[in-house]
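So the structure is just underneath, and the comments pick up after that.
In this text, all values refer to a predicted model and were calculated from it rather than measured experimentally. For this chain, numbers begin at 1 and follow the sequence in order.
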Amino acid sequence: MSIPFRMEVEDMQFYDPTHDWAPFSRKAEVRYDPLTGQSARILYYPIDDLPRANHAQMAAQTAEFCPFCPDKVERVTPRFPEAITPEGRFHRGASIIFPNMFPYDRHSAVGIFSGQHYVQLEEFTAPMLTDGFLNAQAYLRAVLAHDPESVWQSINWNYMPVAGGSIIHPHLQIVASPEATNYQRTSYSAAQLYRESTDENFYDVLVAEEERRQERSVGTTGHGKVHWTVAFAPQGQIDIIGVLPGKSRLVDVEAGEWAALADGLLPVFAYFDSQNFTAFNLAAFGAPDVSNAYSVHVRVVPRTTLGLLGTSDNNYFKVLHNEALSLKNPEEAASELRAVFQTKA
């Protein structure tokens, strides 16, 4: 079964003062997510190269006081109750996971995966990321064993302040709850309905359809363990999706699949860097149960500021209408990212 990729193109007419008041039109696209039906807008806004943020000075100023650096992390970060782990924290390689002192939900943890305070995009390595994800998974497994109700789980990352990161030192946010977030609830329910009406897994069909069309498909990593595509209806300037076919819960993802995910993130980061994006949001989602309707997937959206005022790339459309705006055409972004994958993945 194919997936409908629905869009509407609108043209606005006006007289252009920059061309001696000649009649002019500019289009905008409204695209609908093929799973949930939620809309997103592609604006044809003529932006120049994005300003490249330099975080070196901020990193230098904050390193001395950073609670996640090796000389302080074991002294100043909290410890888990024995029911979660007798050791108080989770360790794997350079990764350390400890409770979030300002929790998002019933179970909320912070996971650092490098002793280095400021890790630039080109400095991340696959082993570093893999250890971070595997350690986060170990925490989620411990939570589930202790509290079987907390089935809605996610691994999240705000990289740099413009993306919501309050500390320069790179760190994950790991959350488990009996209650779903809006995205988890909407995507899971829609995937279940799709399965009931078609007897197919939406994400399997999406991967096959995107690879057939070759409009937004980027490639695979780990010999097909993770399939990468650019979202048709993006949730930001660029919205990159990595799908792990055959896995529905985060706690069931295997070590080789986490490694394949890490391998795919490196060219994504390289692409962001080439486009002067120096910040991003990332989230990995899974089903609350073993499901033949849902697949584990990660979404990565770069973040930036716009113009001389440093304007946020989120405005009233995203905050109050819950509708994303993108200044980057998904098919153009996919073509550019595909070239990076071919050389780096």
Side-chain angles (χ1 to χ4, degrees), residues 2-53 162-164 182-183 186 190 206 209-218 228-241 268 270-281 299-341:
S2 63
I3 290 177
F5 292 100
R6 177 188 166 204
M7 76 167 71
E8 297 172 3
V9 180
E10 304 291 348
D11 283 292
M12 179 178 172
Q13 311 289 325
F14 56 92
Y15 294 105
D16 186 354
T18 67
H19 290 83
D20 199 24
W21 302 102
F24 191 78
S25 68
R26 178 161 283 138
K27 68 177 181 177
E29 291 179 7
V30 182
R31 298 189 178 198
Y32 297 88
D33 185 281
L35 175 62
T36 66
Q38 292 180 330
S39 51
R41 294 172 185 255
I42 313 298
L43 305 188
Y44 286 81
Y45 186 85
I47 60 172
D48 297 324
D49 289 341
L50 295 172
R52 186 177 185 82
V162 71
N182 288 329
Y183 178 85
T186 301
L206 176 69
E209 182 71 4
E210 291 287 24
E211 290 182 347
R212 182 185 70 80
R213 288 172 173 255
Q214 283 299 300
E215 294 172 336
R216 291 166 298 275
S217 178
V218 174
W228 298 89
T229 187
V230 175
F232 171 75
Q235 292 301 299
Q237 301 305 326
I238 308 169
D239 184 355
I240 300 165
I241 303 176
V268 169
Y271 174 59
F272 288 170
D273 190 55
S274 74
Q275 300 292 304
N276 284 345
F277 288 108
T278 58
F280 62 81
N281 296 115
R299 300 186 81 142
V300 196
V301 174
R303 298 293 306 280
T304 188
T305 57
L306 304 171
L308 294 175
L309 297 180
T311 302
S312 171
D313 59 354
N314 279 341
N315 63 15
Y316 72 90
F317 254 105
K318 180 68 172 178
V319 175
L320 297 175
H321 289 266
N322 193 28
E323 187 158 320
L325 298 177
S326 175
L327 306 182
K328 186 81 170 179
N329 178 275
E331 290 73 32
E332 177 187 354
S335 176
E336 295 169 346
L337 178 56
R338 194 179 300 120
V340 180
F341 255 72

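A pairwise comparison of heavy atoms in A231 and I241 identifies CB-CD1, 3.7 Å as the closest pair. Summarising the geometry of D33 relative to A233, their closest heavy-atom pair is N-CB, 3.7 Å, with the distance given to 0.1 Å. The shortest non-hydrogen separation linking P234 to S326 is CG-CB, 3.9 Å. Annotation for L306 and S312: closest pair CD1-O, 4.5 Å, computed over non-hydrogen atoms. Shown here for R41 and V30, the closest heavy-atom pair between the two residues is NH1-CG2, 3.9 Å.
Residues I240 and V218 are not in side-chain contact: their nearest non-hydrogen atoms beyond the backbone lie 4.5 Å or more apart. Side-chain contact between E336 and K328 is present, with at least one heavy-atom pair separated by less than 4.5 Å.
In this structure, D313 contributes its side chain and T304 its backbone to a donor-acceptor pair below 3.5 Å. Listed for the R303 side chain is no donor-acceptor partner under 3.5 Å among the backbone atoms of A279. Of the possible donor and acceptor atoms, one in the side chain of D16 sits under 3.5 Å from a partner among the backbone N and O of T18. Although no hydrogens or angles enter the test, the distance criterion places no donor-acceptor pair under 3.5 Å between the side chain of E29 and the main chain of V9.
Rounding to the nearest 0.5 Å places OH of Y271 at 12.0 Å from CZ of F341. Annotation: the span from M12 atom CE to R26 atom CZ amounts to 10.5 Å, rounded to 0.5 Å. The line from OH of Y183 to CD of Q235 is 8.0 Å long, rounded to the nearest 0.5 Å.
Taking the six-membered ring where the residue is Trp, F272 and F280 present tilted rings, their angle falling between 30° and 60°.
Using a 4.0 Å cut-off between charged side-chain N and carboxylate O, R216 and E331 make a salt bridge.
Residues forming a salt bridge (Lys or Arg N to Asp or Glu O under 4.0 Å) with E215 (at least two apart in sequence, or on another chain): R213.
A side-chain N or O of S39 and one of E323 form a donor-acceptor pair less than 3.5 Å apart.
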